[in-house]
Protein chains: 2
Amino acid sequence: MSFAERGYEATSLDALAAGLEVRKQTILYWFPSKEALLDAVIDRSAADLTAALETALASAGDGWDRVEAVVRSVFRLAARRPELLGLVREVGRLGPPSATRLTAALEPLVARANDFLRAEMDAGHMRRHEPRLLLLAIYSTVIGMVTEVGVLRAVGEEPTARSLVRRRAELLDLLRSALLVDGGRREGDAGRSG
Amino acid sequence: MSFAERGYEATSLDALAAGLEVRKQTILYWFPSKEALLDAVIDRSAADLTAALETALASAGDGWDRVEAVVRSVFRLAARRPELLGLVREVGRLGPPSATRLTAALEPLVARANDFLRAEMDAGHMRRHEPRLLLLAIYSTVIGMVTEVGVLRAVGEEPTARSLVRRRAELLDLLRSALLVDGGRREGDAGRSG
DNA sequence: GGGCTCACTTACCATATGGTAGACAACCGT
DNA sequence: ACGGTTGTCTACCATATGGTAAGTGAGCCC
């Protein structure tokens, strides 16, 4: 869906319909309004995203493997269905009520990630951080590495498939260094342990 | 400028004019078109951003201090002039030609950052990474930590001033772990200094 | 075959938008 | 005092947009 590429406001129903080789009224027959269409797209995307991550996590091991599985899954989506991640980005920008809908749909994933991170920290595998802020940071980085085509070009990297692989490797490297305890240490020892 | 908040397409000249307590035609008198206005805003924002970072860097020390100075500067901007960073995000999303204009205006900063990172890596202070991709990652994380209000709420953090300080601390912590050699494990080659 | 629903279409509309044309008042140097 | 410039305004306009109303034809059920 080109809501993700051109942006919601910039995408007219006529343009959308033309892309589907259909008249605008056909869209309004299936969806009562443009916003309802967006909601439907959000629901569908959230479901797809959840399914993809769920699948990836199902066959993943423990600990760091799970982080890596999620990242790889997201990058696979970036290659196969870039609109999906673009939509997440776009909806986040639109703010309520659409953003609320999306975050609500993804809340279970967030909660799981939160619990996971906390558990890993408690187990001493990961450095201590505020899990919520850590999630925000990881989210931003991953989405950015995957969707920021403009910035990518600005730093002189063309958004090819090969580049995507490089970015994935780079990102995993960074995350490992940032998160894993045995991937670095030395910081003021974690004061507050639950 | 509310281009940053509501988005370029979603911001009408009338709305803009109303905010300025002026008629739309006054805007079109000073700027020949809406896009010209955007360009002007971009130029101004890029200049302000550059000035802010330049100032921060001028009184910063060496090595990691410089990264920290930049991050602190960006967070200060986030508190004082949130539209500035919002605009960067928005323009990045708009794509060419506006994005090209912005990236061109910020290119000197990018080049400097690139050189800096490479030098730090060569000196063995930072882990080896592709500087360009590293920049992309840092950019995404910083902008995200500062502008992703929706995601912030989604993870259960209210975007207050206090939260901003927490986010800054968290981000600096993460960056230190991720980037610094002595903040992490033994990386293959690069002889670790100090 | 008549009625009915379904998927989709054409016709149309109210509104909002970016932009043009030109009036009008304040201010200027002479 | 006056012609010109400057900044803002009112009056319009062409177009695009989301949405409503009203068909139209294919398939189906009896």
Side-chain angles (χ1 to χ4, degrees), chain A residues 1-48 83-84 86-102 104-105 150, chain B residues 1-48 83-84 86-102 104-105 150:
Chain A
M1 190 61 66
S2 70
F3 279 165
E5 301 154 21
R6 294 160 127 71
Y8 174 70
E9 296 100 346
T11 303
S12 75
L13 289 181
D14 279 307
L16 234 36
L20 295 170
E21 291 183 339
V22 157
R23 303 298 154 241
K24 170 176 60 172
Q25 309 314 324
T26 306
I27 295 180
L28 287 169
Y29 169 77
W30 291 99
F31 307 94
S33 72
K34 193 187 179 186
E35 201 182 337
L37 169 60
L38 176 61
D39 283 351
V41 171
I42 288 176
D43 289 347
R44 173 69 177 273
S45 299
D48 288 357
E83 356 78 50
L84 242 180
L87 188 85
V88 172
R89 188 173 188 260
E90 167 71 5
V91 170
R93 184 190 72 95
L94 286 173
S98 305
T100 311
R101 174 175 274 259
L102 178 60
Chain B
M1 190 62 67
S2 71
F3 280 166
E5 302 153 20
R6 296 160 127 71
Y8 174 70
E9 297 100 346
T11 303
S12 75
L13 289 182
D14 279 307
L16 233 37
L20 295 171
E21 291 183 339
V22 157
R23 303 298 155 244
K24 170 175 61 172
Q25 310 314 325
T26 304
I27 295 180
L28 287 169
Y29 170 75
W30 292 99
F31 306 94
S33 72
K34 191 187 180 185
E35 200 181 341
L37 169 60
L38 176 63
D39 283 351
V41 171
I42 288 175
D43 290 346
R44 172 71 177 271
S45 299
D48 289 358
E83 355 77 51
L84 243 181
L87 188 85
V88 171
R89 187 173 188 261
E90 167 71 5
V91 170
R93 183 191 71 95
L94 286 173
S98 306
T100 312
R101 173 175 275 259
L102 178 59

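Every heavy atom of this structure was used, including side-chain atoms; hydrogens, water molecules and symmetry mates were not. Here is how names work: the chains are called A, B, and so on, in the same order as the sequence lines, proteins then strands, and each is numbered from 1.
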Exercise. Taking OP1 and OP2 of D:dT8, is either one under 4.0 Å from a side-chain nitrogen or oxygen of B:Tyr29?
Worked result: no
Seminar exercise, completed: By nearest-nucleotide position on DNA chain D, the 5'-leaning member of B:Trp30 and A:Pro32 is B:Trp30
Problem set entry | Gap between atoms CZ and P, on A:Phe31 and D:dT20 respectively (whole Å) | 16 Å
Problem set entry | Heavy-atom pair with the smallest gap, counting every atom of A:Pro32 and A:Leu28 | O-CD2, 4.0 Å
Exercise. What is the distance, rounded to the nearest whole Å, between atom CG of B:Leu28 and atom P of C:dG22?
Worked result: 17 Å
Exercise. Considering the options A:Val91, A:Val88, A:Leu94, which one meets the side-chain contact (heavy atoms from CB on, under 4.5 Å) requirement together with A:Ile42?
Worked result: A:Val91
Exercise. So which pairs with a foot in residues 36-45 of chain A pass salt bridge (charged side-chain N to carboxylate O under 4.0 Å, His left out), sequence neighbours left out?
Worked result: A:Asp39-A:Arg101, A:Asp43-A:Arg101, A:Arg44-A:Asp48
Problem set entry | Shortest non-hydrogen contact from A:Ser2 toward A:Leu16 | OG-CD1, 3.4 Å
Problem set entry | Rounded distance in Å - CD (B:Glu35) to C1' (C:dT17) | 15 Å
Exercise. Less than 4.0 Å between a side-chain N and a carboxylate O, is that true for A:Glu9 and B:Arg6?
Worked result: no
Problem set entry | Close approaches to DNA chain D from residues 12-22 of chain A, in residue order (heavy atom, under 4.0 Å) | A:Ser12, A:Leu13
Problem set entry | Selection residues 15-35 of chain A - residue pairs positive for salt bridge (charged side-chain N to carboxylate O under 4.0 Å, His left out), sequence neighbours left out | A:Asp14-A:Lys24
Exercise. In whole Å, what is the span from the CD atom of B:Gln25 to the P atom of D:dA11?
Worked result: 12 Å
For this session: Confirm from the modelled atom types if A:Lys34 and D:dG19 form a donor-acceptor pair under 3.5 Å, side chain to base only.
Result: no
Exercise. D:dC9 P sits how many Å from B:Arg23 CZ, rounded?
Worked result: 5 Å
Seminar exercise, completed: Atom CD1 of A:Ile27 and atom C1' of D:dT17 are separated, to the nearest Å, by 13 Å
Seminar exercise, completed: Atom CZ of A:Arg6 and atom P of D:dT17 are separated, to the nearest Å, by 11 Å
